[in-house]
Amino acid sequence: MPFLKNFIETGNELFEKINSLVFKEERTGYTGMGADGTLTSRLDKLCEDAIIKRVQDLDLPFNIVSEEVGIMDRKYEKNLVIDPLDGTYNAENQIPAYSMSVAIMGDNFDSLEEALVFNLATKNYFYAEKGKGAYRNQTKLRKTTQRTGASVIYSLRGENVPDFLKRGINRRRILGCASLEMGFVSNNSIDYVAYIGKEKELRNVDIAAGVLLVRETGGFVLDQNLKPLNMGLDVRERRNMIALSAAYEDVIKGAV
């Protein structure tokens with residue numbers, strides 16, 4: 001069984017734990033400062049502890065890279081890059097778009113091997129394995145040639161904003177959960193996700209799993225200059241990101 005299928009059970013357990021916290025005061029609050037320089041919420045810590053426990057209980061052969069602990073060196077060559085809770089604000093306020101995001105890679109995105117994005121509000125999940133495609137639950141996703149006319153755009157401010165981001169979209173949605181948004185690109189629910197501008201830069205843990213999901217369905221994950229986005233293991237590094245479905249292949253070929 002692929003390594004990350006072990007974490008579907010973890011996702012189900014976290015679904016039950018989070019949804020047992022009925023009142024907002026049970027869901028909110030901070031436990032300290034994370035390795036990425038941001039505050040660690042109570043729910044983030046709950047989710048991270050569950051993931052680390054799973055790795056240790058099964059003695060999985062990976063180091064752990066997380067926004068909370070930074071790099072936990074377990075003396076292995078490969079790394080488990082995790083965002084224990086993507087969409088913390090949504091989780092705290094019972095808005096059903098928050099996820100557990102887990103990816104296996106070497107030193108950067110070019111070495112991504114597996115990815116799992118588990119929606120902790122619904123129990124649906126996206127899974128990908130390099131060279132073998134991507135799935136929504138048990139259904140294999142197909143490369144798309146049709147556009148939906150829907151997108152997620154967080155900002156169009158900044159330099160070198162690609163022109164095609166400014167036109168041709170009828171519906172714009174902002175979910176506050178980058179990993180799920182990238183899953184929806186792979187599922188052809190939306191055409192693309194764009195995080196543009198200094199204040200909208202993302203970390204490796206935010207998007208590592210989503211990168212493989214999009215690429216395994218023929219899509220593209222690029223920087224603001226439309227070059228393939230590649231990030232390493234430093235959780236403090238932040239980058240702009242554009243993830244597009246395969247339906248934008250003609251646009252990308254014309255732009256580079």
Side-chain angles (χ1 to χ4, degrees), residues 86-87 90 95-99 101 103 109 112 115-119 121-122 124-197 200-202 206-231 239-256:
D86 187 10
N90 292 345
I95 300 168
Y98 48 94
S99 71
S101 175
F109 288 171
L112 281 162
L116 175 69
V117 175
F118 190 103
N119 190 331
T122 67
N124 291 315
Y125 65 86
F126 295 97
Y127 172 78
E129 188 172 0
K130 187 173 183 179
K132 297 184 178 181
Y135 294 78
R136 182 184 182 276
N137 299 330
Q138 302 298 319
T139 302
K140 188 169 185 178
L141 301 176
R142 300 175 180 175
K143 179 178 178 179
T144 183
T145 59
Q146 294 183 326
R147 299 180 190 175
T148 67
S151 71
V152 175
I153 300 179
Y154 277 82
S155 176
L156 290 178
R157 293 179 290 180
E159 299 177 357
N160 303 322
V161 177
D163 185 62
F164 71 88
L165 294 181
K166 303 175 184 178
R167 51 183 169 79
I169 292 294
N170 299 319
R171 297 177 176 85
R172 294 183 177 178
R173 300 290 185 265
I174 295 178
L175 304 181
C177 184
S179 57
L180 281 180
E181 291 161 350
M182 296 176 80
F184 294 143
V185 172
S186 71
N187 191 45
N188 195 33
S189 299
I190 55 177
D191 289 331
Y192 59 79
V193 178
Y195 283 75
I196 303 294
K200 299 301 179 184
E201 292 177 328
L202 298 170
D206 297 320
I207 59 175
V211 168
L212 191 61
L213 289 174
V214 173
R215 289 177 176 170
E216 281 298 307
T217 50
F220 309 88
V221 182
L222 312 170
D223 63 20
Q224 193 170 336
N225 298 310
L226 301 185
K227 304 298 182 183
L229 180 61
N230 196 13
M231 299 180 74
R239 301 281 299 279
N240 288 137
M241 185 276 295
I242 304 169
L244 306 103
S245 76
Y248 276 76
E249 186 172 5
D250 58 334
V251 174
I252 298 306
K253 285 183 177 179
V256 297

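Owing to the predicted nature of the structure, the values given are computational and were not obtained by experimental measurement.
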Rounded to the nearest 0.5 angstrom, the CG-CD distance for Asp206 and Glu201 is 11.5 Å
Which of Val117, Leu212, Thr144, Thr217 passes side chain to side chain contact (heavy atoms under 4.5 Å, CB included) with Ser186? It is Thr217
Practice problem: Measure from the side-chain N and O atoms of Asn240 to the backbone N and O of Asp223, and report whether any donor-acceptor pair falls under 3.5 Å. | Solution: no
So CD1 of Ile242 and CZ of Phe220: to nearest 0.5 Å the spacing works out to 12.5 Å
Residues passing the salt bridge (charged side-chain N to carboxylate O under 4.0 Å, His left out) test with Arg215, sequence neighbours excluded, are none
| query | Within a strict 4.5 Å, meaning less than it, do heavy atoms of the Lys143 and Glu249 side chains meet? | reply | yes
Closest heavy-atom pair, Val193 versus Met182, reported as atoms and distance to 0.1 Å, is CG2-N, 4.3 Å
Note: Ala128 and Leu213 closest approach over all heavy atoms is CB-CD2, 3.7 Å
Decide whether Ser101 and Asp86 meet the rule of one side-chain donor and one side-chain acceptor closer than 3.5 Å.
no
Note: Tyr127 and Leu116 closest approach over all heavy atoms is CB-CD1, 4.4 Å
Rounded to the nearest 0.5 angstrom, the OH-NZ distance for Tyr135 and Lys140 is 4.5 Å
**Item:** Within-4.5 Å side-chain heavy-atom neighbours: Leu175 and Phe184
**Value:** yes
Query raised in the report: Quick one: does Leu229's side chain get under 4.5 Å of Ile207's, heavy atoms only?
Result: yes
Taken to the nearest 0.5 Å, the spacing of Asn187 CG from Arg142 CZ works out to 12.0 Å
message = Using side-chain heavy atoms (C-beta onward) and a distance below 4.5 Å, is Ile196 in contact with Gln224?
response = yes
In terms of heavy-atom contacts, Tyr195 and Cys177 come closest through OH-C, 4.4 Å
Flag for Ser245-Asp191: side-chain donor and acceptor within less than 3.5 Å:
no
Task: Close side-chain approach of Val211 and Met231, heavy atoms under 4.5 Å - done: no
Taking every heavy atom of Tyr98 against every heavy atom of Gly87, the minimum-distance pair comes out as CB-O, 3.4 Å
Rounded to the nearest 0.5 Å, the CG atom of Asn137 sits from the CG atom of Asn124 at a distance of 4.5 Å
Distance col, row Arg239:CZ vs Leu202:CG, nearest 0.5 angstrom, shows 11.0 Å
- Task: Return yes if some donor-acceptor pair links the side-chain N/O of Glu216 with the main-chain N/O of Gly131 below 3.5 Å, else return no.
- Result: yes
inquiry  = I'd like to know if the side chain of Tyr125 pairs up with that of Gln138 as donor and acceptor (distance under 3.5 Å, no hydrogens or angles considered).
reply    = yes
* **Main-chain N/O of Ala247 paired to Gln146 side chain as donor or acceptor, under 3.5 Å** => no
Can you confirm whether Ile252 sits close enough to Leu222 that some side-chain heavy atom of one is under 4.5 Å from a side-chain heavy atom of the other? yes
Smallest heavy-atom separation, Ser99 atom then Leu180 atom, equals CB-CG, 3.9 Å
